[in-house]
Amino acid sequence: MTDITSADPMVLTAAPPRREIGIKRRYAAERRFRLYGILAISFGVIFLLLLLWSVVSKGYTAFLQTEITVPVTFTEKVIDPQNTRATNPAVLMAANYPVLARDALAKELGVDPADRAALKEVNSMISASVRVQLRDIVVNDPSVIGKTVPVKVLAEGNVDAAYKGHIDLSVPESDRKISDRQLGWIQQLAAKGELASRFNTGLFVNGASSRPEAAGVGVALIGSFFMMLIVLALALPIGVAASIYLEEFAPKNRLTDLIEVNINNLAAVPSIVYGLLGLAVFINFAGLPRSASLVGGLVLTLMTLPTIIIATRAALKAVPPSIRAAALGLGASKMQTIFHHVLPLAMPGILTGTIIGLAHALGETAPLLLIGMVAFVADFPATPLQPSTALPVQIYMWANEAERAFVERTSGAIIILLLFLLAMNIGAVILRRRFERRW
Amino acid sequence: MNMLTETAVEKVLERKMTNSALKMSGTDVCVFYGEKQALHNVNLNIRENTVTALIGPSGCGKSTFLRTLNRMNDTIDSCRVTGKILLDTDDIYDPNIDVVELRARVGMVFQKPNPFPKSIYENIAYGPRIHGLARTRAEFDEIVESSLQRAGLWNEVKDRLQEPGTGLSGGQQQRLCIARAVAVSPEVILMDEPCSALDPIATAKVEELIHELRANFTIVIVTHSMQQAARVSQRTAMFHMGYLVEENDTDKMFTNPDDQRTQDYIMGRFG
Ligand SMILES: Nc1ncnc2c1ncn2[C@@H]1O[C@H](COP(=O)(O)OP(=O)(O)OP(=O)(O)O)[C@@H](O)[C@H]1O
Ligand SMILES: [Mg+2]
């Protein structure tokens, strides 16, 4: 019971002298630090925007494709002059279909059929893929022979580029890939509405082609899809099982220390080394086929495993020991403790790590080059054992092509790849939220 | 620990005979963490349906001894236990003893409330499920209700059984943990400073609960509060620097201890 009034007044009033502790300087330092942070982030954001802008501005036109609608007359004299198709269907396969399209377009443009030079220019406005397109029409329904049907044919890559305004018209005509006369025809057809742009579904479903207008990432998408499935099916269970063993069961000794160090090192090994390993082990030793997405998937699995193991171990370590103690104290076995309590709590971390690993694998190019996935594959692979390519490899191949139309397709494919990565990361966030809400 | 000498066996039997209501007994218990010895030849009896309080200054080995009683020390890699600990007549460090079954018989409540991040219902039902104590939904409901009743928590949570256990207050969480331990019908419940994270009102509730649980369970409680030891326990054991200094009836211990160190500690002269 001390009475304040009775205490020595000196003790209450005499506050200790304050020393200069540089509060202003402290605040200034804090402000400076924040400024550096903002600068660093702005720097990053600016470069990200630059990257996106350069890719999108170059690539968005890849999603449009110019088409010419021409009334094609399926003349019997051209397709089957001897009228032997009833006995010999091969005749329909070998017929000279491009001529039909050329003549139809020439007629549409009012070009004299005797003017060989003009006909040649007309011909070069239509994609060479027209051969397959018309052949398929005739083979599927031979009754069109003799009739005239309007057909939407792909415009040749240079016409496409010219129509999209990608060709510099100030260049002298002789140095240009497209002549003044052809430009006139493009305008003429566009005015009649017979030449127009539409959404380029071919970009998503076509395989490789030397003609940019007919080339697509379809095969690459299938290949990447197969590889992601393989990586997910192998790397996730193996990685999680390895992490659980190392984290929960393995004795802590020299050997496990060594393993731990090596896993961390493996995560830093350049991916091309995994490609060499895949070439030596899976192709040369195990005899798996080259260019197959199975081999690609196996190589990417090896590459992704360290990432998943590191992420999973971190997630397991982050589970509070009190939860383990609670379960063990109740008489749960070690397995039960791990599978009933620790793993569910570690799940968000494991999934995030896995998806980051998958996204990493999806964008990986170098190891795939070494195992022969850099191939010209026009046919869709039905199984992971058949040749295919992958999205990033397709981008790499197109980037090496000189034609203007491939430049835009390269950027278009990059956009597709980035969209997939974005989708995977959003998936990671959603999954994490889902699991976290279950406490 | 299996190198039990003839004399040690005799000692155990002798004690068992003089005290018919013996639930657990430790004989010459030594615990080592690596090279360091944390407990030296502890001989301690725990009587049935009794609350035994372990007291002593920080670091004296109370928690270490408590954890030997349900072999939670097994989870610490460097930890080694010698001596003999009997639960009824079973040597709990016998290699043939199943640690899972042991921990079902000797439950534990920890210093910090640690409910599972699952629903209140699931927190209670988990133990009975892994030990096969219930099969049907009705049986589980029954166990959950009776356990929560016993822990004095039923009225507070009966309308929110599906909500997360981690959403309760600290005191409620600790009673949930007690209910969880009770749900597997153990014979002994070990409590390591169960009230140290609780406010006085929640502490009072837990102490009241310990009183009631005594009728059905044998309880060993570590506490730093002399008042708490005096309030809840019938027997008290005083540890000091890894040695058991004195074991006595609580009344005697707090009024007229045999050992000078106990007296000093209770009077607050060290610790
Ligand atoms: N996991 C461990 N590894 C190494 N030494 C430990 C470990 N746990 C406890 N010890 C040591 O054993 C001795 C006894 O510790 P214990 O935790 O049993 O003390 P306590 O009496 O419970 O103390 P408190 O009242 O502070 O909880 C201490 O010296 C401590 O440093
Ligand atoms: Mg302790």
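What you see below is based on every heavy atom in this structure, not just the backbone, and it leaves out hydrogens, waters and symmetry mates. These numbers were taken from a predicted model, which means no experiment stands behind them. Naming: A, B, ... by sequence-line order, numbering from 1 per chain.
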### Task
Decide whether a cation-pi geometry holds between B/Lys84 and B/Tyr93; the criteria are a distance under 6.0 Å from NZ or CZ to the six-membered ring centre and an angle within 45° of the ring axis.
no
### Task
Name the member of A/Lys252, A/Gln336, A/Arg324 that forms the most heavy-atom pairs with chain B at distances under 4.5 Å.
A/Gln336
### Query
Which residues satisfy the side-chain contact (heavy atoms from CB on, under 4.5 Å) test with B/Glu35, sequence neighbours excluded?
none
#### Entry: A/His360, NE2: over 12 other non-hydrogen atoms inside 6.0 angstrom
no
### Message
What part of B/Pro115 gets within 4.5 angstrom of chain A, counting heavy atoms only: side chain, backbone, both, or neither?
### Response
backbone
### Task
Return the option, out of B/Arg103, B/Met108, B/His131, with the maximum number of heavy-atom pairs under 4.5 Å with chain A.
B/Arg103
### Task
Flag the one option from A/Ala326, A/Pro251, A/Ser322, A/Pro320 with the top tally of heavy-atom pairs under 4.5 Å to chain B.
A/Ala326
### Under 4.5 Å from a heavy atom of chain A, the part of B/Val100 involved
both
### Task
Give, as side chain, backbone, both or neither, the part of B/Arg180 having an atom under 4.5 angstrom from any heavy atom of chain A.
both
### Query
Between B/Phe239 and B/Phe65, what is the ring plane arrangement, given parallel below 30°, perpendicular above 60°, and tilted in between?
tilted
### Task
Cation-pi check, B/Arg137 to B/Tyr121: give yes when NZ or CZ is under 6.0 Å from the six-membered ring centre and within 45° of the ring axis, no otherwise.
yes
